[in-house]
Amino acid sequence: MRRPFVAGNWKMNGSRERTRTLVADVCKAVRELPEVDVGLCPPFVYVTDAGETIGDAPVRLGGQTCAGVEDGAYTGEISATMLADAGCSFVLVGHSERRTLHGEKNADIAEKASLALAAGLSPVVCVGETLDEREAGRTETTVARQLEVVVERLEQDELARLVIAYEPVWAIGTGRTATPSQANQVHAFLRGCVAERAPNAAAGLRILYGGSVKPENAARMFAEPDVDGGLIGGASLDAKQFIDICRAAV
Ligand code: 13P
């Protein structure tokens with residue numbers, strides 16, 4: 001049985017004050033949810049504040065991305081090692097906004113996943129098709145390609161620490177979600193792709209769904225056998241909504 005994981009990706013939202021309030025509210029509620037792994041990805045500058053507020057509460061801290069190089073003259077970049085040093089235990093890599101707005105390619109994302117693992121972080125590799133790709137019947141080919149490059153780059157033992165997030169691009173921030181069965185179909189397909197290389201890791205692999213998850217649709221989504229939790233954008237900025245989504249994963 002895979003343990004559910006629900007993570008909030010705040011993207012570029014919030015302030016120091018709001019970080020502290022939101023994190024404190026989540027921590028309070030999460031103590032009553034021992035069955036779920038709950039994570040938060042604040043903007044980099046608030047990671048330390050968030051970590052201080054979390055204290056010993058069972059909330060995992062994550063980065064929204066990391067650099068594809070270890071260290072050096074890379075102005076503006078944050079390395080996986082720095083995230084681990086600041087208290088993170090996971091990092092998102094390959095979010096569709098990074099792919100489209102920052103030109104990240106599959107090979108860059110594989111490198112980031114590898115560096116994250118070397119720094120002791122779990123990489124949450126984000127994959128997903130555009131609406132054009134779905135309508136052209138290319139969903140599986142697209143996500144398989146995105147995942148394949150990462151899977152080929154990693155060792156068997158590293159694959160056991162991988163998390164995948166399936167986020168159809170057309171569902172991100174649009175209010176339009178994949179149906180639970182559409183999501184499950186892609187999740188099962190992704191699990192199969194990992195199984196070809198690492199059957200044991202595939203069975204334990206957590207695959208999260210992301211894209212307009214709200215308290216109203218979360219329970220149906222999480223009830224699907226291959227949906228192991230969610231990556232939540234907009235709704236994670238509201239403590240009550242985010243907590244209700246975490247509860248739906250129990
Ligand atoms: P929304 O939940 O706002 O659609 O965002 C999803 C997402 O991109 C999480 O990484």
Side-chain angles (χ1 to χ4, degrees), residues 4-14 18-19 22 26 36-44 46-47 50 59-66 83 88-102 104 109 112-113 116 121-131 133-134 139 142-143 146-147 150 162-180 182-183 186-187 190 206-222 224 227-249:
F5 182 20
V6 179
N9 174 11
W10 292 2
K11 309 191 179 183
M12 197 177 72
N13 289 292
R18 199 161 160 214
T19 296
L22 193 46
V26 170
V36 187
D37 278 348
V38 174
L40 294 174
C41 303
F44 287 140
Y46 304 133
V47 162
V59 172
R60 296 178 60 183
L61 200 50
Q64 297 180 8
T65 183
C66 65
L83 287 174
C88 291
S89 65
F90 69 101
V91 60
L92 311 182
V93 294
H95 190 280
S96 81
E97 286 148 20
R98 301 293 313 177
R99 291 177 190 263
T100 50
L101 304 173
H102 299 271
E104 288 186 12
I109 292 154
K112 290 179 184 217
L121 303 175
S122 283
V124 178
V125 176
C126 305
V127 300
E129 81 288 3
T130 61
L131 191 55
E133 286 163 338
R134 174 160 283 267
T139 298
T142 305
V143 297
Q146 290 170 335
L147 183 62
V150 176
L162 184 73
V163 177
I164 296 174
Y166 168 55
E167 300 205 308
V169 178
W170 47 272
I172 296 177
T174 58
R176 186 175 166 192
T177 42
T179 64
Q182 275 175 330
V186 178
H187 285 218
L190 290 166
R206 291 190 289 187
I207 308 183
L208 319 182
Y209 170 80
S212 297
V213 177
K214 306 283 175 228
E216 307 80 65
N217 57 30
R220 280 182 56 227
M221 191 61 87
F222 299 159
E224 292 291 327
V227 178
D228 307 309
L231 184 55
I232 319 302
S236 72
L237 296 167
D238 179 293
K240 184 175 177 331
Q241 287 195 36
F242 182 64
I243 293 157
D244 284 347
I245 293 170
C246 294
R247 286 204 180 101

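Hydrogens, waters and symmetry mates play no part in the numbers below; they use all other heavy atoms, side chains included. One-based numbering, in listed order, for ligands and for the atoms of each.
- Residue Glu97 has no nitrogen or oxygen atom sitting less than 3.5 Å from a nitrogen or oxygen atom of ligand 1, judged on distance alone.
- For ligand 1, the atoms closer than 4.0 angstrom to any heavy atom of Gly211 are 4 (O), 6 (C).
- Residue, atom and distance of the protein heavy atom nearest to atom 3 (O) of ligand 1 are Gly234 N, 2.8 Å.
- Geometrically, ligand 1 and Lys214 share no nitrogen or oxygen pair separated by less than 3.5 Å.
- His95 and Gln64 are not linked by any side-chain donor-acceptor pair at a separation below 3.5 angstrom, with hydrogens and angles left out of the test.
- By the 4.5 Å heavy-atom criterion applied to side chains, Glu167 and Leu92 are not counted as neighbours.
- Evaluation of the salt bridge (charged side-chain N to carboxylate O under 4.0 Å, His left out) test over residues 89-98, restricted to residues two or more places apart or in two chains, returns Lys11-Glu97, Arg98-Glu104.
- Side-chain contact check for Gln182 versus Val186: every heavy-atom pair is 4.5 Å or farther apart.
- By the 4.0 Å heavy-atom criterion, Lys11 is counted among the residues contacting ligand 1.
- For ligand 1, the atoms sitting less than 4.0 Å from at least one non-hydrogen atom of Gly173 are 1 (P), 3 (O), 4 (O), numbered in the order shown with element in parentheses.
- Of all protein heavy atoms, the one closest to atom 2 (O) of ligand 1 is Gly233 N, 2.9 Å.
- Short contacts between ligand 1 and Leu231, defined as distances under 4.0 Å to a heavy atom of the residue, involve ligand atoms 9 (C), 10 (O).
- Residues Tyr166 and Thr139 have side chains in contact (heavy-atom distance under 4.5 Å, counting atoms from C-beta outward).
- Shortest contact from atom 7 (C) of ligand 1 to any protein heavy atom: Glu167 OE2, 3.2 Å.
- Every atom of ligand 1 with a heavy atom of Ala171 under 4.0 Å away is listed here by number and element: 4 (O).
- Pro180 is not listed as a side-chain neighbour of Phe222, based on a closest heavy-atom distance of 4.5 Å or more.
- At a heavy-atom distance under 4.0 Å, only side-chain atoms of Asn9, from C-beta outward, approach ligand 1.
- At least one side-chain heavy atom of Thr174 sits less than 4.5 Å from a side-chain heavy atom of Ser212.
- Remark: Phe5 pairs with Phe90 by the ring pair (Phe, Tyr, Trp, His ring centres under 6.0 Å) rule, at least two apart or across chains.
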